[in-house]
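The next block holds one structure in the form of structure tokens; read it before the comments.
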Amino acid sequence: MDRKKLFITTTLPYVNAEPHIGHALEFVQADTIARYFREKLGKENVFFNIGTDEHGLKVYTTAQRENMDIRAFVDKYSQRFRDFCKLFFVEYDYFYRTSSTDHHKAAQEFWKRCEAKGDIYKKKYSGLYCLGCERFITEKELVDGKCPDHGIVPELKEEENYFFRLSKYREHLLDWINSNPGVLKPKQKLEELRAIIKDIEDVSISRQRKNLPWGIEVPNDPEQVLYVWFDALTNYVNVVGFGSDEKKLKEWWPGIQLFGPDNLRFQAVIWQGMLISAGLEHTLRLLEHGMVLSSDGTKMSKTKGNVISPFEQEKKYSAEIVRFYLLTGILTYADSAYKEDDLVNMYNSRLVNNFGNLLHRVLHLSNRYSVEINNESTVEEDFKQSVSKYVREIEGYYNDYEIAYAGESIDRLADWGNKYITEREPWGSKVSAKERENILNNLSYLLQLVIHFYTPIIPSSSELAKKALYDRENIILFKKI
RNA sequence: CGCGGGGUAGAGCAGUGGCAGCUCGUCAGGCUCAUAACCUGAAGGUCGUUGGUUCGAAUCCAACCCCCGCAACCA
């Protein structure tokens with residue numbers, strides 16, 4: 001792929017609750033990818049989008065329950081996500097908000113495109129309607145056949161809504177994934193995706209305004225608002241110029257999308273169908289990260305009381321250590337249990353004992369023997385070659401968005417450095433002054449690479465390490481916990 | 001029989017017909033420039049269960065058990 005620009009986006013979290021550990025995972029993964037490619041392709045060639053999804057019934061009713069003005073409510077929670085990003089060193093290029101007027105316009109434009117294609121039609125929908133909630137509720141929500149909030153049996157009710165002709169694109173979507181099986185990571189999920197596509201039916205994409213006043217008006221029908229999914233999904237192209245700047249859109253789209261396992265249907269099927277309808281290209285890569293499970297390997301839930309809070313973890317260990325664990329201590333593309341013991345082990349063994357200790361050894365010896373380091377031109381050729389093997393491996397993983405594997409590989413490089421220094425013994429009288437300088441200079445080169453490749457994962461510590469190496473300041477970068 | 005993924009050492013994983021491995025952790029010895037690392041060795045497995053195919057099964061087949069996610073308006 002010789003395209004230079006890279007657009008990367010997370011899904012937009014729904015703002016009816018506080019950020020959770022799953023958001024943290026997705027954000028820091030996307031941030032790491034963005035940081036790596038900014039370095040590789042140039043800052044101006046990467047565009048990293050993040051944001052909040054602010055419409056929909058859940059948001060509306062939660063705001064009412066909290067007795068807040070809807071606008072103030074979404075502002076508050078959207079800000080929580082921004083703060084969250086800041087806390088975990090997530091540097092986005094754009095923070096998208098679906099309540100913005102630009103988004104409203106672009107989403108309506110998207111609707112019109114699909115409509116012009118003949119893919120939107122009106123149809124009666126019948127479902128279970130709770131008079132207490134004044135809304136349709138799903139069978140799954142029911143407790144003993146009753147609405148959990150009002151304790152009454154919902155009645156069957158009909159409502160007329162707009163539908164998107166997704167079924168029209170069934171074959172098209174199957175052809176697409178069959179001819180591009182690499183579009184989805186991890187590949188084990190392809191079967192699931194095929195199964196979902198085979199079963200697709202048209203989807204409802206609007207709600208009656210009288211039930212849900214908080215939303216984007218359907219073009220030419222003030223009685224209806226866009227269903228939140230249809231509205232929110234369009235952000236991925238709107239943010240890079242859809243409906244406003246065709247040239248910009250061409251430059252950036254298609255891009256790569258990160259999402260969680262609960263989102264496969266929406267990102268890889270409905271959204272892809274919408275893209276065809278609007279005459280746009282499919283997403284370049286769909287990266288489905290794993291689910292963060294509680295320490296016993298089961299799903300976190302409030303009722304079970306096993307929820308891990310990213311804020312508490314940050315307080316306990318610091319944002320970078322949490323970041324490091326989420327990125328390299330658990331699997332990038334499979335469900336993983338979040339275990340604090342593993343977090344501590346991983347940090348101690350990789351950052352404290354391996355990377356941190358090597359940095360300390362090299363700086364300490366360079367200072368003690370007043371040796372020149374950081375001179376790349378005099379690094380020995382066979383040392384460079386040994387190191388380049390690791391470099392290729394690390395770059396290969398990063399280029400394939402395999403963050404955890406890249407992290408392991410960096411760890412192996414630092415480990416090799418520790419073995420090298422132990423073997424060569426650049427201390428005492430066994431080596432000449434010249435040899436000592438060569439060895440330590442070689443290692444400073446290796447450390448620069450380790451720091452460089454760790455930067456997307458632990459940006460702040462890497463910055464400190466870089467400075468310490470350059471200034472030959474003998475610091476304890478990571479303290480053992 | 002709704003769809004899909006998974007079950008291998010204390011933990012996390014690799015291994016798709018040929019002596020059960022890797023990383024971390026644990027224990028012992030050596031070494032020491034270092035937050036210590038490195039080297040050597042050790043302990044630790046009924047490969048989810050049962051049955052089948054095969055000279056030979058973690059691997060192929062069947063059934064079952066357990067875990068995880070999804071299941072049309074659930075972010």
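Below, read A as the first sequence line, B as the second, and so on, with proteins coming before strands; counting in each chain starts at 1.
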When both distances are under 3.5 Å in a Watson-Crick or G-U wobble arrangement, the nucleotide paired with B:rA63 is B:rU49
A:Leu365 atom CG is separated from B:rC33 atom P, nearest whole Å, by 9 Å
Residues A:Ala107 and A:Asp231: closest non-hydrogen pair is CB-O, 4.4 Å
Remember a base hit wins even if backbone is also touched, and classify A:Asp411 as base, sugar-phosphate or nothing at under 4.0 Å, heavy atoms. nothing
So which protein N/O to nucleotides 27-29 of chain B N/O distances come out below 3.5 Å?
none

query = With sugar-phosphate meaning primed atoms plus P, OP1 and OP2, does A:Arg412 contact a base, only sugar-phosphate, or nothing at under 4.0 Å between heavy atoms?
reply = nothing
A:Asn474 meets the side chain to side chain donor-acceptor pair (under 3.5 Å) criterion, sequence neighbours left out, with A:His360
Partner of B:rA34 under the Watson-Crick or G-U wobble criteria, both distances under 3.5 Å, comes out as none
The ring pair (Phe, Tyr, Trp, His ring centres under 6.0 Å) partners of A:His364 (sequence neighbours excluded) come to none
Using the C1' atom on both, measure B:rG5 against B:rG25 and round to a whole Å. 28 Å
Between protein and nucleic acid, restricted to nucleotides 10-15 of chain B and to nitrogen or oxygen atoms under 3.5 Å apart, what atom pairs and distances do you find?
residue, atom, partner, partner atom, Å
B:rA11, O3', A:Lys339, NZ, 2.8
B:rA11, O2', A:Asp342, OD2, 3.1
B:rG12, OP1, A:Lys339, NZ, 3.2

From CD1 of A:Ile410 across to P of B:rU23 the rounded distance in Å is 18 Å
Next on the checklist: What I want to check is whether the side chains of A:Trp214 and A:Glu54 have a donor and an acceptor closer together than 3.5 Å.
Outcome noted: no
**Asked** Would you say the side chain of A:Thr422 and the base of B:rC38 hold a donor-acceptor pair, judged only by whether the two atoms sit under 3.5 Å apart?
**Response** no
With sequence neighbours left out, the residues meeting salt bridge (charged side-chain N to carboxylate O under 4.0 Å, His left out) with A:Arg265 are none
Taking B:rC68, B:rA37, B:rC73 as options, the one with an atom nearest any side-chain atom of A:Phe163 is B:rC73
Rounded to whole Å, the CG-P distance (A:Leu440 to B:rC33) equals 14 Å
I'd like the C1' distance from B:rG44 over to B:rC22, given in whole Å.
15 Å
Rounded to whole Å, OH of A:Tyr369 lies from C1' of B:rC33 at a distance of 7 Å
A:Lys185 meets the salt bridge (charged side-chain N to carboxylate O under 4.0 Å, His left out) criterion, sequence neighbours left out, with A:Asp400, A:Glu402
Exercise. Which whole number of Å gives the distance between the P atom of B:rC1 and that of B:rA20?
Worked result: 42 Å
Sequence neighbours excluded, the answer for ring pair (Phe, Tyr, Trp, His ring centres under 6.0 Å) partners of A:Tyr333 is none
When you measure only distances, ignoring hydrogens and angles, does the side chain of A:Arg265 come within 3.5 Å of the base of B:rC70 through a donor and an acceptor?
no
Closest of B:rU35, B:rC73, B:rG69 to the A:Asn357 side chain is B:rU35
Scanning all shown strands, the Watson-Crick or wobble mate of B:rG12 with both distances under 3.5 Å is B:rC22
Suppose you measure atom C1' in B:rG52 against the same atom in B:rA42; what distance do you get, rounded to whole Å? 39 Å
| said: Categorize A:Phe259 for me: base, sugar-phosphate, or nothing, with a 4.0 angstrom heavy-atom threshold over every strand shown. | reply: nothing
Taking atom types as modelled and ignoring hydrogens, do the side chains of A:Gln272 and A:Thr283 form a donor-acceptor contact shorter than 3.5 angstrom?
yes
By the Watson-Crick or G-U definition, both distances under 3.5 Å, B:rU40 is matched with B:rA28
Contact string for nucleotides 3-9 of chain B, one letter per nucleotide 5' to 3', B = base within protein heavy-atom range under 4.0 Å, S = sugar-phosphate only, - = neither, reads SSS----
In numerical order, the residues of residues 462-473 of chain A whose heavy atoms come under 4.0 Å of RNA chain B are none
Q. Is the number of heavy atoms from other residues, nucleotides or ligands under 6.0 Å of A:Tyr121 OH greater than 12?
A. yes
| message | Could you check whether A:Ser349 and A:Asn345, counting side-chain N and O atoms only, form a donor-acceptor pair closer than 3.5 Å? | response | no
Rounded to whole Å, CH2 of A:Trp271 lies from P of B:rC73 at a distance of 22 Å
key: Between B:rA9 and B:rU26 - C1' atom distance, rounded Å   = 12 Å
Sequence neighbours excluded, the answer for salt bridge (charged side-chain N to carboxylate O under 4.0 Å, His left out) partners of A:Lys187 is none
Hits for ring pair (Phe, Tyr, Trp, His ring centres under 6.0 Å) against A:Phe311, two or more places apart or cross-chain, chain-then-number order -> A:Phe84
Assign each of A:Glu423 and A:Ile476 the nucleotide of RNA chain B bearing its closest heavy atom; nearer the 5' end lies the nucleotide of A:Ile476
Q | C1' spacing across the pair B:rG56 / B:rG17, given as an integer number of angstrom | A | 8 Å
* To do: Establish, from distance only, whether the side-chain atoms of A:Thr328 and A:Arg323 form a donor-acceptor pair under 3.5 Å.
  => no
Between CE of A:Met346 and C1' of B:rC22 the distance, given in whole Å, is 13 Å
P spacing across the pair B:rC70 / B:rC61, given as an integer number of angstrom: 28 Å
*Pairwise C1' distance, B:rG51 and B:rG21 [rounded to whole Å]*: 28 Å
Base B:rC24 paired with A:Arg350 side chain (donor-acceptor, <3.5 Å) = no
Whole-Å distance, A:Ile421 CD1 to B:rA37 P, equals 14 Å
For B:rC3, the nucleotide meeting Watson-Crick or G-U wobble distances (both under 3.5 Å) is B:rG69
Those residues at least two apart in sequence (or on a different chain) that pass salt bridge (charged side-chain N to carboxylate O under 4.0 Å, His left out) with A:Arg80 are A:Glu18
Does A:Lys168 NZ have over 12 foreign heavy atoms under 6.0 Å away? yes
Rounded to whole Å, CG of A:Asp202 lies from P of B:rC73 at a distance of 15 Å
Would A:Arg71 and A:Ser99 count as having a side-chain donor-acceptor pair, cut-off 3.5 Å? yes
* Asked: Is the distance between the ring centroids of A:Tyr227 and A:His55 less than 6.0 Å?
  -> no
Looking only at B:rG69, B:rU35, B:rC38, the nucleotide nearest the A:Val352 side chain is B:rU35
**Asked** Looking only at side-chain N and O atoms, does A:His360 come under 4.0 Å of OP1 or OP2 in B:rU35?
**Response** yes
Of A:Ser204 and A:Arg368, the one whose nearest nucleotide on RNA chain B sits closer to the 5' end is A:Arg368
